[in-house]
Amino acid sequence: MAEAADFQGMTPSPARRWLRRTGALLAAAPLLAAAPLLAGLCQLPAAPSADAAERSAAAEVSGSRTVDVSLDTLSPRVPADGDTLTVSGRIVNKGKQTVTDAHVGLRVGPTMNGRSAIDDAARSNPYAGTDVGGKYVAKFAKLAPGVPQTFSISVPVDKLPLNSDGVYQLGVTLTGRTAAAAYDQILGIERTFLPWQPDAGDTKTRTTYLWPLISTSHMTAETGSNEQQTPVFKDDDLAAELAPGGRLQQLLSLGKNLDVTWVVDPDLLASVDAMTRSYRVQASGSSTTTTAGTHQAVAKQWLSELEKTVENEEVVALPFADPDLASLAHNGKTATGSLSRLKDATTVAATTVESILHVTPSTDYAWPANGAIDPSIVKVATSAGADTVISRSDSLKEAGSLPYTPSAARPIGGGTTAVVADARLSTAFQGDMTVAGNSTLAVQKFLAQSLMFSLQVPDKQRSVVVAPQRMPTSSQAQAMAQALMALQEGNWSQSADLSAATKAKPDAGATTRVPSAGSYPSSLRKQELPQTAFEQIERTQADLDSFQVILADKSRVATPFGRAMDRSMSTSWRGRSTDATLYRDGVEAYLTLLTESVGLIEKSEAKLSGRSATIPVTVQNNLVQGVDHLTLRLTSTQPSRLSIGDGAYDEQPVTVSGGHSQSVKFTTNAHANGRAGVVAQLFTEDGRPYGPEVAFDVKVTEITATVMLVIAGGVLLLVLAGFRMYTQRKRAATRQATQESEHAQADGEDEDAPEASEAESRADEPEHPSDPSPDTAAEITDPSGTGERVDR
C-alpha cells in the first residue's frame, strides 16, 4: 500500500547530528587516547542517537500529566526564514496540589517520516522533543487547582532546530513541581505539527478544495392559491443560516476569498430565491396554520453576494436536492421511477443554477455520501448522466505497490472516472471546532499532511482533491478557511479546479477496482433511506399522475410536488429518519387533500314515480383551477328493474370551473316496482377511477291500471259538469228571448188600454243583467223541459 512505504519524508538530520557530536568528542580527546577511544567505539554495540538521549531525558522528567495545556493560536502557521513563531494558549491545573516553579516551554521533535507517522503522533506520542529553553518560556510562580491561566511565547524561527524541509513535531509543555515531587517534571503537554519548507519547490501539488453550499430541505409541496403560488416552508431555519453569522453566510463570506470549487445544491438556491419574494412558514407543530415569512432582505443579500462571487468561478451542481445515491442503489432500485426521478433531478439542476446564478454549472459529477462507493452506487450515479464519481481514499483504497499517494483521478471502467478525495485531508475538520485548541490542532495537522503529500515524491507533480463534510458548521468552515489561507501562502501547493483534477493523468499502478458491496461501511448503511421510503415516494408519484390528468393547469401541482419528492430522497435525511418520514407523510397528505377537493357529493335515496325520469348527480370542484378530462359514469346494479340510458350504465364528460359544482343529469327507465341500486363513479380519460364512488337507491313506484281508471272517471265527471252548466245557461237565454217577444206584442195590441196596476207592471218588466239567475226549484217557476234532469 502507499502508506506502507512512507519513508520518502524521512530526513537524515538525526544521523548528521549524531555524527557531528561524535566528531566533536573525538576532536576534544588527547591524541594519545584517540586510538583506544576509537577502538572502544568500535566495540560498542550501537551508539545511541541524540534523539534517543533526548527521549530518555524526557521520560525521566515525565510527571503525572495533571495540568491541561491548550494550544489556542500558532502564528504563522507555516513559518518561513526570518519569521518569529508565536504560540499562545492556556493552562489549567486539574490536580489537587498547587504547582510551583512552573514554566511553559517549546520542544521541537524530529521530522515525521511519513503520513502515517503524523497520524500516530496525533493519537498518542509521549516524546516531547528538544527543549528550546532559554528565555523562550512563560513562567508561573504557582498554579492553583482549577484556575485557568494564559500564556504566550514568541521565538525567532532561526532559534528552532529546523533543518531540512519536512514536518516537525512541536510540543508545548508545562514543567513544574508539586509538594509530592519537589523537582522539575513535565506535568502537561500538547503536541502539534510545524510544516517547514522555506523555499518553493520545483513542482507543487495541485490542490482542489470543494466548497459545499448545501442545506437540509426546507420547502414543502404546498403553495398558495394565488397566481404567484406563494411557497410554504416547513420552518424558518434557512433564514438563520443566511443571516449574518449564520452557517451559510459564513461559508459564502469565507469562500469568496479562497481558491475553491463551489459545489451547490440547486434546491438551496431555489429555496433562497423563493424567500426573496412572498412566502409562508408553517406554524410549529401544525401543518395547516401558516404565517408570513419576513426574511426577504436576508435572502436577497445572500443570493446577490453569491452571484457576484461565482461569476468567474467553477461551479458544480449536484442533482436537485442532493439525492442519496447509496440509498437509491441499495434500497430504491425496485421502486418504479426512482432512477428516472434522479435523471430528472439532474436536468432540473442545470436550469435552476443558470436561472438564479446566471452561470453554467457542471453536472458531470456524482457525490455519494462520504465518498463511499460500490458497483451498484457507481451504476446508479452514472445512470443520471454523470460520468465522474467523487469517491474517497478510505473507500477506494490503494492496494497496489505505489510508495506514495497517487493523484486523485483514475478510470474505473465503462468510461467513468473516479476522483478520489484524500480521506486524511477531507476529514480534518469534522470535530468540534468551536474550541480554539481543537481548531488550531486540526489546521496544523491538515497543513502537515498536505506538505507530507508533496514530500513523498518531490519531483513528481500530483493532484489532490479535498471533499469535506457536506454541511460544515460555522466553526468548521472557519477552520477550513484558515487552513486554506495558510496553504495558499505556502511553497508546496497551488490551487486547481475540480475539472483540472479530473483531467489529470492518472498514476500508473493506482487502484482502479471499485470495492465490492460487502465492503460498504455498515455505519453508513444504517443511515440510508429504507425501501419503504422509496415505495411511499412511488405511491405518491402514482397519485400525482392520476391527479394531473384532470387539471387545466398541470404545472401548478407538477412542479411543487415533483421537487418535494426530490427532497424526499435527499442525502440530508441521513441520521434523521423521523424527520424524513414526517416530510414524506406531509407531501402525501397534502396531495390527498387536493385530490379529494374534486369529487361527487353524497346523494340520498331518489324516488321515481313513472316509467322514465332524470336523475341528477353533482360533481364539486374546490380547487382554484378548473378540472377537465373527467367522465362521470352512472351504473344500475339491477338493470332489469332500472336502466340508465339504453343499458346498465351511461357516461357523460365533466368539466367544472374552479370553486364551482356541476349537476350532471342521466335519463332512467323503470321496468318494475321496488328499489334499485345505483353507483356513480368518476373516471379519468385513461379509464382509471378517480375518487371514491357514490352509491344510492332509486325507489320505483310504477302507475297501475286501477289508478288510471279512477283518474279517467274523475276527468269524465268534470267534463259532464261543464256540459250541464253550458246547457242550463243556454235554456235560460232562450226563455228570456221568448218572454221579451211576447211582451212586445202585448204592448202593441193594448196601446189604448188602461194602465195595469203597479205590481203587474213591475212583474212584467224584463230582468236586469245584474240580477242573479234562479238556481233553485223555488225560484224557477217555468215548467221543466222534456227530458231535462232537475238536481234537487
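Atom set for the values below is all heavy atoms of this structure, side chains included, hydrogens, waters and symmetry mates excluded. Note that this is a predicted model, so its numbers are computed, not measured.
In this structure, R462 forms a cation-pi arrangement with F453, its terminal cationic atom sitting closer than 6.0 Å to the ring centre and no more than 45° off the ring axis. Geometrically, R470 engages W367 in a cation-pi contact, judged by NZ or CZ lying under 6.0 Å from the ring centre and within 45° of the ring axis. In this structure, R567 forms no cation-pi arrangement with Y583, as its terminal cationic atom is not both closer than 6.0 Å to the ring centre and no more than 45° off the ring axis.
A donor-acceptor pair is defined here as one N or O able to donate and one able to accept, closer than 3.5 Å; no such pair exists between the side chain of S391 and the backbone of A418. In terms of modelled atom types and a separation under 3.5 Å, the side chain of D374 and the main chain of S516 share no donor-acceptor contact. Side chain of T416 to main chain of I412: no donor-acceptor pair is present (N/O by atom type, distance under 3.5 Å, no hydrogens or angles). The backbone N or O of A321 sits less than 3.5 Å from a side-chain atom of S570, completing a donor-acceptor pair.
Side-chain contact check for L396 versus P515: some heavy-atom pair is nearer than 4.5 Å. Residues D344 and V348 are in side-chain contact: their nearest non-hydrogen atoms beyond the backbone lie under 4.5 Å apart. Within the 4.5 Å cutoff, the side chain of L524 has heavy atoms near those of the R574 side chain. Residues V464 and R206 form no side-chain contact, since every pair of their non-hydrogen atoms from C-beta on lies 4.5 Å or further apart.
In terms of heavy-atom proximity, V380 sits nearest to L325 at CG1-O, 4.2 Å. Across P506 and A409, no two heavy atoms sit closer than the pair CB-O, 3.5 Å. The two residues T405 and Q456 have their closest heavy-atom pair at N-OE1, 3.0 Å. Contact detail for F193 and A122: the closest heavy-atom pair is CZ-N, 3.9 Å.
Remark: D422 does not engage R424 in a salt bridge, criterion side-chain N to carboxylate O under 4.0 Å. With salt bridges taken as basic N to acidic carboxylate O contacts below 4.0 Å, one links K460 and D507.
Aromatic ring centroids of Y279 and H295 lie 6.0 Å or more apart.
M569 pairs with exactly one of L328, D324, D322 by the side-chain contact (heavy atoms from CB on, under 4.5 Å) rule, that one being L328. Paired with W262 under the rule side-chain contact (heavy atoms from CB on, under 4.5 Å), one option of L357, L252, L210, L251 passes, and it is L252.
Side-chain contact of T207 with S493: a donor-acceptor pair under 3.5 Å is present, judged by distance alone.
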